[in-house]
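Nothing fancy with the numbering, it's 1 onward along the sequence. Note that ligands are numbered from 1 as they come in the structure, with each ligand's atoms numbered from 1 the same way.
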Amino acid sequence: MGVENSGFIRACYGRNDGHIPIWIMRQAGRYLPDYLAVRRQVTFEQLCRSPKLIAEVVRQPVHKFGLDAAILFSDILIILDAMGATVSFKEGGPELAKAITTPDDVSRLCDFDVRTELPFVYDGIREIKQVLPDTPLIGFAGSPFTIACYLVEGKGSKNFETVKQFVHQYPAAADKMMSLVTDVTVRYLDAQIAAGCDAIQLFDSWGGILSRDDYRDWSLRWTKEIFAKLKSRGVPRILFVNNLAPYIDMVGELDCEVVGVDYRMDLRAAADALPGKAVQGNLEPSVLFGPTEKLVDTTRRILDSLDNHNRLIFNLGHGIRPATPIDAVETLVKTVHEYR
Ligand code: 1CP
């Protein structure tokens, strides 16, 4: 059975009549003892630059849990070094050597050849395809707004106030910055598809902090451009917005195949507002820490709420947390797979 006939790819197009596919955001992560064992040998950056190790950590959760899709192991910020914004991955999260605080700083960001600067990503993809030839592989990038959040704040933040201020104070510079990130992202995702990715996901982790007007102007606009330019590649395009509900009508009009729904929103309400699209989600990751019966019950309630299961990809409503019990993940996968 080729990857095109897998439940995951069929579900992306609303045509899956087999068991409901499931994968887990951040499935290669710190909750997995096998991942931690690799991480004790190398730093996060070394891991991201080693095709063999990338393939190993991508393989681990797929084989361990019988997941229906794999996701490339990398990070949304891995493109920044080559743009001239040096990033280091520290214990508490990624940090830039220098945040973008003025229009002058924006002028110092540079375009680059994604193929020559990030060879380890494409070699990693080819290596994953050797190890998991029959599993659909999802490539990914951050949305330009989410990337801008890190560029301007210099690190993670609760509310990203500085970036919101920046786009209003320096709209021309913000435009230039996000236009550059958009161009890079189109070529980067295109190269991931050329190397073997079967679908792509754009993570808009922070778009959800914006007003509706700002979401349209500073996030969706660039997402739209990226998806339009990748449409002819013919692979499913997935958008995940963390805090989707306020903008669901606008996302409904976006040309893409799949929308990832965060845990705040009712999945049925999202599906109803996204006709013709597949939905991906949306169990609250914390439920995996609770009693088994509650986990099974909550999972089944999400599944029961939908009337069209042909266009469902089960997932969490955000990334799996470190310390998540392994047996809970096993229970979740079993519950979803046995549903029909
Ligand atoms: O091993 C470690 O200690 C490093 C932790 C880690 C990991 C495992 C980071 C640093 N990145 C990653 C991998 C990663 N990041 C993947 C591939 C793994 C998989 O999904 O199986 C993906 C898809 C990402 C994407 C990513 N990085 C996002 C979007 C998804 C989301 O969670 O909303 C974001 C916002 C980042 C930035 C980032 N990188 C790392 C951390 C800790 C963070 C978050 C920083 C913050 O608090 O804002």
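Of the listed residues (Phe160, Trp206, Phe44, Tyr35), the one carrying the non-hydrogen atom nearest atom 12 (C) of ligand 1 is Phe44. Nearest residue to atom 22 (C) of ligand 1 from Tyr150, Phe140, Phe89 is Phe140 (criterion: closest heavy atom). For the residues Asp75, Val58, Leu32, the heavy atom positioned nearest atom 27 (N) of ligand 1 is part of Asp75. Of the listed options Ala141, Ala70, Ser74, Ser157, Ser74 places a heavy atom closest to atom 13 (C) of ligand 1. In the candidate list Pro94, Cys48, Gly156, Pro94 is nearest to atom 45 (C) of ligand 1, counting heavy atoms.
Using a 4.0 Å cutoff on heavy atoms, Leu72 counts as a contact of ligand 1. Contact analysis puts His318 in contact with ligand 1, with a non-hydrogen atom separation below 4.0 angstrom. Ligand 1 lies within reach of Ile71, whose nearest heavy atom is under 4.0 Å from it.
The closest protein non-hydrogen atom to atom 3 (O) of ligand 1 is Arg39 NH2, 3.1 Å. Protein heavy atom nearest atom 30 (C) of ligand 1, with residue, atom name and distance: Phe203 CD2, 3.4 Å. Annotation: atom 29 (C) of ligand 1 to nearest protein heavy atom, Ser205 OG, 3.2 Å. Of all protein heavy atoms, the one lying nearest to atom 34 (C) of ligand 1 is Ile76 CD1, 3.4 Å. In this structure, atom 26 (C) of ligand 1 lies nearest to the protein heavy atom Arg26 NH2, 3.1 Å.
Under 4.0 angstrom from ligand 1, there are no non-hydrogen atoms of Glu91.
The Gln27 neighbourhood of ligand 1 comprises atoms 19 (C), 20 (O), 21 (O), with distances under 4.0 Å to a heavy atom of that residue.
For Lys158, there are no side chain to side chain donor-acceptor pair (under 3.5 Å) partners two or more places apart in sequence or in a different chain. Residues passing the side-chain contact (heavy atoms from CB on, under 4.5 Å) test with Gln169 are Gln165, sequence neighbours excluded.
Between Arg108 and Asp104, no side-chain nitrogen of the basic residue sits less than 4.0 Å from a carboxylate oxygen of the acidic one, so the salt-bridge criterion is not met.
Using cut-offs of 30° and 60° on the angle between ring planes, the pair Phe240 and Phe203 is perpendicular. Using bins of under 30°, 30° to 60° and over 60° for the plane-to-plane angle, the ring pair Phe44/Phe73 lands in the perpendicular bin. Ring-plane geometry between Phe160 and Tyr150 is classed as perpendicular, the angle between the planes exceeding 60 degrees on a 0 to 90 degree scale with a lower cut at 30.
Considering every non-hydrogen atom in both Asp262 and Asn282, the closest pair reads O-ND2, 3.1 Å.
There is a side-chain donor-acceptor pair under 3.5 Å between Glu153 and Thr162. Judged by distance alone, the side chains of Asn242 and Arg264 do bring a donor and an acceptor atom under 3.5 Å apart.
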Please assess Tyr31 against Arg321 for the test side chain to side chain contact (heavy atoms under 4.5 Å, CB included), listing each intermediate value before the final yes or no. CA-CA 7 Å; Tyr31 72 105; Arg321 305 246 169 81; over 6 Å; no
